[in-house]
Amino acid sequence: ETGVTQSPTHLIKTRGQQVTLRCSSQSGHNTVSWYQQALGQGPQFIFQYYREEENGRGNFPPRFSGLQFPNYSSELNVNALELDDSALYLCASSLAGTTGELFFGEGSRLTVL
Amino acid sequence: AQSVAQPEDQVNVAEGNPLTVKCTYSVSGNPYLFWYVQYPNRGLQFLLKYITGDNLVKGSYGFEAEFNKSQTSFHLKKPSALVSDSALYFCAVRDSVDSSYKLIFGSGTRLLVRP
């Protein structure tokens with residue numbers, strides 16, 4: 001069983017740039033969620049994708065956007081980066097229609113200078 | 001609105017002693033409750049969950065948690081702590097009436113087990 005994988009693991013950007021983070025879901029899972037974890041805080045829900053459509057969104061501005069592909073992998077895009085976007089971005093997969101837990105990847109640590 | 005509170009930033013316990021990490025929650029419908037553990041610079045690992053049924057749930061690495069509906073609590077426990085249990089622990093809740101799989105996380109509790 002393949003777990004959730006994310007890339008890149010670390011990256012540094014400057015304010016105003018754009019970034020794309022990638023996630024491959026666990027085998028058999030069809031739902032992908034993205035979370036932002038700022039230093040010293042718990043993860044905050046950004047959004048979730050199911051059947052290639054956004055299915056739930058947290059309190060994040062439109063410059064945070066995403067995609068889900070037919071193979072259930074996903075991308076998180078952030079435009080016009082701000083210093084406060086520096087965080088660990090976590091991808092999690094699950095199987096729709098279950099009450100099961102989320103399976104998280106190791107995360108992508110973004111630093112905005 | 002959904003929320004999770006972890007009142008302790010840090011819990012210190014000696015190896016071999018029992019440990020408890022506290023969590024209280026607030027949701028509109030029935031809660032689905034979870035505990036995750038995070039090691040430095042790593043993602044979150046699932047420990048255990050409560051969906052329905054027995055109020056005492058057992059999970060990975062000898063951890064267990066007790067669901068208390070009247071106190072809206074879901075405290076994490078372990079009878080005998082190990083130094084390797086030292087990590088950051090997060091409680092999370094999902095509202096059963098929420099069609100998304102959104103988890104609301106607490107702020108985390110750092111567990112330090114001293115030898």
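First the proteins, then the strands, lettered A, B, ... as listed; each starts at 1. Predicted, not measured: the structure shown is a model, and the values here were computed from it.
- Residue A:Arg63 qualifies as enclosed at atom CZ: its count of foreign heavy atoms under 6.0 Å is above 12.
- Here B:Leu44 contributes atom CG and A:Glu106 contributes atom CD; the two are 10.0 Å apart, rounded to the nearest 0.5 Å.
- In this structure, the portion of A:Tyr35 lying under 4.5 Å from any heavy atom of chain B is its side chain and not its backbone.
- With a 4.5 Å cut-off on non-hydrogen atoms, A:Gln6 does not touch chain B at all.
- For the set A:Leu90, A:Thr9, A:Thr31, A:Asn55, the entry with the most heavy-atom pairs within less than 4.5 Å of chain B is A:Asn55.
- With a 4.5 Å cut-off on non-hydrogen atoms, A:Gln48 touches chain B through its side chain but not through its backbone.
- When heavy atoms are compared at a cutoff of 4.5 Å, A:Arg109 approaches chain B solely by way of its side chain, counted from C-beta outward.
- In terms of heavy-atom pairs under 4.5 angstrom with chain B, the leader among A:Ala92, A:Pro43, A:Gly58, A:Cys91 is A:Pro43.
- Linking ILVMFWY residues whenever their side-chain heavy atoms come closer than 4.5 Å, directly or via other members, leaves A:Leu102 and B:Tyr50 in distinct clusters.
- For CZ of A:Phe69, the number of neighbouring non-hydrogen atoms (other residues, nucleotides, ligands) closer than 6.0 Å is greater than 12.
- Residues B:Val37 and B:Phe90 do not share a hydrophobic cluster, clusters being chains of Ile/Leu/Val/Met/Phe/Trp/Tyr side chains in contact below 4.5 Å.
- The cluster map of Ile, Leu, Val, Met, Phe, Trp and Tyr, joined by side-chain heavy atoms under 4.5 Å apart, puts B:Leu103 and A:Trp34 in different clusters.
- Remark: A:Tyr72 OH is loosely packed, at most 12 non-hydrogen atoms of other residues, nucleotides or ligands lying under 6.0 Å away.
- Contacts from residues 106-115 of chain B to chain A, taken as heavy-atom pairs separated by less than 4.5 Å, involve B:Gly106, B:Ser107 in sequence order.
- Listed here is the closest heavy atom pair of B:Phe34 and A:Glu101: CE2-CA, 3.7 Å.
- Residue B:Gln45: no heavy atom, backbone or side chain, is found under 4.5 Å from chain A.
- Clustering ILVMFWY residues whenever any of their side-chain heavy atoms sit less than 4.5 angstrom apart, transitively, puts A:Leu21 in a cluster other than the one holding A:Leu67.
- Side chain of B:Tyr36 to main chain of A:Phe104: no donor-acceptor pair is present (N/O by atom type, distance under 3.5 Å, no hydrogens or angles).
- Using non-hydrogen atoms only and a strict 4.5 Å limit, no part of residues 74-82 of chain B faces chain A.
- When the shell of 6.0 Å around CG of A:Asn71 is examined, it contains more than 12 heavy atoms from other residues, nucleotides or ligands.
- Looking at every heavy atom in both residues, B:Arg42 comes nearest to A:Leu88 through O-CD2, 4.1 Å.
- Note on ring orientation: taking the six-membered ring where Trp is involved, the planes of B:Phe46 and A:Phe103 are tilted (angle from 30° to 60°).
- Crowding of A:Leu39 atom CG: a count of heavy atoms from other residues, nucleotides or ligands under 6.0 Å not exceeding 12.
- Ranked by heavy-atom pairs shorter than 4.5 Å toward chain B, the options A:Tyr50, A:Phe47, A:Phe45 are led by A:Phe45.
- In the hydrophobic cluster analysis, where Ile, Leu, Val, Met, Phe, Trp and Tyr join through side-chain heavy atoms closer than 4.5 angstrom, A:Val19 is grouped together with A:Phe60.
- Counting non-hydrogen atoms of neighbouring residues, nucleotides and ligands closer than 6.0 angstrom, the CD atom of A:Glu53 reaches no more than 12 such neighbours.
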